[in-house]
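Report on one structure; see the data block that follows.
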Amino acid sequence: MGSNDFDAIVVGAGHNGMCTAAYLQRAGFKTLLCERRHEEGGGVNTEEPVAPGFYHNMHAQFMEFIDYMPFYWDFELEKLGARMIYPEAQAGITFSDGRPPIVLHRPDLLDRTHESISRYSKADADTFVELKSKTMSIDQMFATNLYSPPMSLEERKQMESMAEGMLPFFGLEPVDMFKSPKVIIDEKFETDELRALLYRICIEWGMPVEQEMGGMSFAFAVLWMTGIWKLSVGGTHTLAKAMKQACLREGVTFRENSRVEKILVDDNGVCGVRIRGGEEFTAKVVATNADVRQVLLDLVGEENLSDTYIRRAKNFRYGPSHVLGTTCLALYEPPDYKSAKWDPEINKCFYTVVGFDSGAEMIRYIRQAYGDMLPDNPGAGTWVNTLWDPTQAPPDRHSLTGWFFFPVAEALSEDEWTDVREHYNEKFLARFREFAPNMTEHNIIGDRLYTPLDMEHKNMMINGDFSNGSFHLDQMGSNRPFPEAYRYATEIKGLYFCGPSAYPGGGITAAPGYNAFKVIAEDYGLEPIWKKKDRPY
Ligand SMILES: Cc1cc2nc3c(=O)[nH]c(=O)nc-3n(C[C@H](O)[C@H](O)[C@H](O)COP(=O)(O)OP(=O)(O)OC[C@H]3O[C@@H](n4cnc5c(N)ncnc54)[C@H](O)[C@@H]3O)c2cc1C
């Protein structure tokens, strides 16, 4: 083999691409990883956009699947520098009139969650704690689902009736399968303040809160994921670096600043890639972390695709449910909420929702963002990671990062996004002060807003969609990205998807990357490393 000849090439060093590359190399494939940016990580990314020494995670904040993620444990990422903190107060909502906040704690601290919700309703506190406990008792079932390739459509049909049958295990009825998460939340909980928080939590993972057939989304995104969020010490960049180290330790060849411009195809299937500048590399397998449309229409080219694939790629949809703007604030002191007089934990919550006084306000906000409009109420989900990890700002200073749900990038012109970048933070801070009076201009050292258009330009998250494909029902599960490519393999021999356009979608799961490796290993007779592990996946 020459120096440009490999068994496999992975396109894109997002965490999924690095996951696939590390496993392929470990299983015996000589692997090249090409990343178009100057650094690895994709959405696992920390920068200093406001002022030196103030770290902000520009994309992913909460690391919710670390305990389950095979890549993290199989490659001992903690020995390579990754480290997590597990904040006690996980998610909270605060109010402008100083009403009590609601604070949801880790699953091992449900008595504190119960106490917090009980300020409004003991019945809701009982229900939440019961549902959450039941869900955590079957967490391995969720994890197995995540870290296994999706079922075929036929298997899926059988599974759907099984899924309905599963719902009682976490306190739901089979009929809940057909409802939207919002309907389930409204039926289960009478407290408007809790509803507002749960609507928001549901959409954080891109699960549309008003989409019907949402029973499993509610169980997955609201019940399971709430409270299992970890914080990456030193910013998520530390995690990305550990992933890269893992790849290098296995022997993966890394090429940064190497945008793949063409996936080369011959009569036998894929045969390599060409990167910007013209250099070519050969391989019999190409796995790609990039989005479906780019891969099929730009990199492979219509001349190499069937009519069905061309049609599917052209019809693949991005947004609106995974589109965020990131606000970054450098602060002298963290927000001090009016609601803290009831429960000071709200001032030390990992994730705090600010700007919404009711469930109706939250729903209006979501409808506007999903409906191509800039929300007129600039509320956000916020993190002050320095409360837990002081290394993320200079001594006695704080970094606050927040997310706005925004319309898809193409809904506004470049000039309109420039205007948003320059002025939306002012509106946000004015609203913020109603909830935390110390968020005056004297407390703000600097600020920066990063729009969906910026995300598209920087990370190739099309339309700002961090899942590289919407979560409409026809693009989820065994339909993702589309039925003819649902199990990572494509109609072109040797070409696989290993990014969030494939099942199960976005988020720092490393699940598409891991599952794609499993399928490639089966197709090419590589060692089934996962079968030696003491876990069901
Ligand atoms: C604001 C925001 C907040 C988020 N918060 C969270 C969170 O808290 N928790 C969570 O779990 N998830 C979160 N996400 C989602 C998460 O960041 C993404 O779903 C995740 O990064 C997808 O990972 P990936 O590795 O598959 O792809 P990406 O991270 O998108 O990486 C893809 C990589 O491929 C490269 N690439 C693309 N095309 C080419 C090419 N032609 N040649 C070479 N390289 C190429 C890109 O440069 C990029 O590095 C958030 C996303 C955003 C935008």
Side-chain angles (χ1 to χ4, degrees), residues 9-21 32-45 56-66 69 71 204-206 221 225 228-232 236 239-240 243-244 255-263 273-276 286-295 298-300 319 322-328 350-351 380-381 383 385 401-406 409 449-452 454-469 497-502 504-514 516:
I9 297 170
V10 176
V11 181
H15 80 292
N16 275 307
M18 289 194 280
C19 174
T20 306
L32 168 71
L33 182 43
C34 294
E35 166 57 44
R36 50 179 269 286
R37 295 193 67 238
H38 63 290
E39 66 172 5
E40 67 288 346
V44 184
N45 164 254
H56 298 272
N57 294 326
M58 303 305 289
H59 305 96
Q61 285 282 354
F62 42 77
M63 303 291 105
E64 58 274 61
F65 300 108
I66 292 296
M69 186 189 287
F71 186 25
E204 287 298 358
W205 220 62
M225 281 181 32
I228 59 170
W229 302 339
K230 294 193 169 175
L231 178 158
S232 177
T236 54
L239 178 63
M243 290 173 167
K244 180 178 181 182
R255 287 289 296 254
E256 278 119 353
N257 298 310
S258 299
R259 176 181 183 143
V260 171
E261 289 193 331
K262 196 75 194 157
I263 293 176
V273 303
R274 182 163 63 240
I275 62 170
R276 193 166 149 197
V286 172
T288 162
N289 199 170
D291 79 283
V292 166
R293 250 197 241 165
Q294 181 198 171
V295 170
D298 301 341
L299 304 187
V300 171
H322 307 102
V323 181
L324 299 171
T326 302
T327 181
C328 306
F350 183 28
Y351 164 79
W383 284 263
N385 287 349
T401 312
W403 295 340
F404 305 117
F405 276 84
F406 269 167
L449 198 154
Y450 182 63
T451 69
D454 298 328
M455 298 191 197
E456 178 168 282
H457 289 162
K458 186 176 126 191
N459 275 43
M460 303 205 64
M461 291 175 170
I462 310 302
N463 240 335
D465 181 333
F466 68 67
S467 221
N468 268 340
F497 291 115
C498 67
S501 290
I508 310 306
T509 60
Y514 179 66

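One-based numbering along the sequence shown. Side chains are part of it too, since the values below use all heavy atoms of this structure and drop only hydrogens, waters and symmetry mates. Atoms within a ligand are numbered from 1 in the order they appear, just like the ligands themselves. Every value quoted in this text rests on a predicted model; they were computed, and no experiment measured them.
At a 4.0 Å heavy-atom cut-off, ligand 1 touches Leu324 through the side chain alone. Counting heavy atoms under 4.0 Å from ligand 1, residue Glu64 touches it through the side chain alone. Proximity of Met455 to ligand 1, defined as any heavy-atom pair under 4.0 Å, is confined to the side chain (atoms from C-beta onward). Under 4.0 angstrom from ligand 1, the non-hydrogen atoms of Gln294 all belong to its side chain. At a 4.0 Å heavy-atom cut-off, ligand 1 touches Trp403 through the side chain alone. Residue Pro512 does not touch ligand 1, judged by heavy-atom distances below 4.0 Å. Only the side chain of Thr326 comes within contact range of ligand 1, with a heavy atom under 4.0 Å; no backbone atom does.
Not counting sequence neighbours, the partners of Arg274 by the salt bridge (Lys or Arg N to Asp or Glu O under 4.0 Å) test are Glu280. For Asn463, the side-chain contact (heavy atoms from CB on, under 4.5 Å) criterion is met by Tyr318, Val408, Ala409, Glu410, Glu456, not counting sequence neighbours.
Between Glu256 and Lys244, at least one side-chain nitrogen of the basic residue sits less than 4.0 Å from a carboxylate oxygen of the acidic one, meeting the salt-bridge criterion.
The closest non-hydrogen atom to atom 14 (N) of ligand 1, taken over Phe466, Phe405, Phe406, comes from Phe466. Across Ala290, Gly43, Cys498, heavy-atom proximity to atom 17 (O) of ligand 1 is greatest for Gly43.
In this structure, Ser258 contributes its side chain and Ile275 its backbone to no donor-acceptor pair below 3.5 Å. In this structure, the side chain of Asp465 engages the main chain of Gly319 through a donor-acceptor pair within 3.5 Å. A donor-acceptor distance shorter than 3.5 angstrom exists from the side chain of His15 to the backbone of Ala510, with no hydrogens or angles considered.
Residues Met69 and Met63 have side chains not in contact (no heavy-atom distance under 4.5 Å, counting atoms from C-beta outward). A 4.5 Å side-chain heavy-atom check between Thr401 and Asn57 finds every atom pair outside the cut-off.
Per-residue contacts place Arg37 under 4.0 angstrom from the following atoms of ligand 1 (heavy atoms of the residue considered): 47 (O). Close approach of ligand 1 to Gly506 is summarised as follows: ligand atoms under 4.0 Å from at least one heavy atom of the residue are 19 (O).
The closest approach between Ser467 and ligand 1 stays at or above 4.0 Å for every heavy atom of the residue. The closest approach between Glu40 and ligand 1 stays at or above 4.0 Å for every heavy atom of the residue.
Pairing each heavy atom of Asn16 with each of Gly513, the nearest pair is OD1-N, 3.0 Å.
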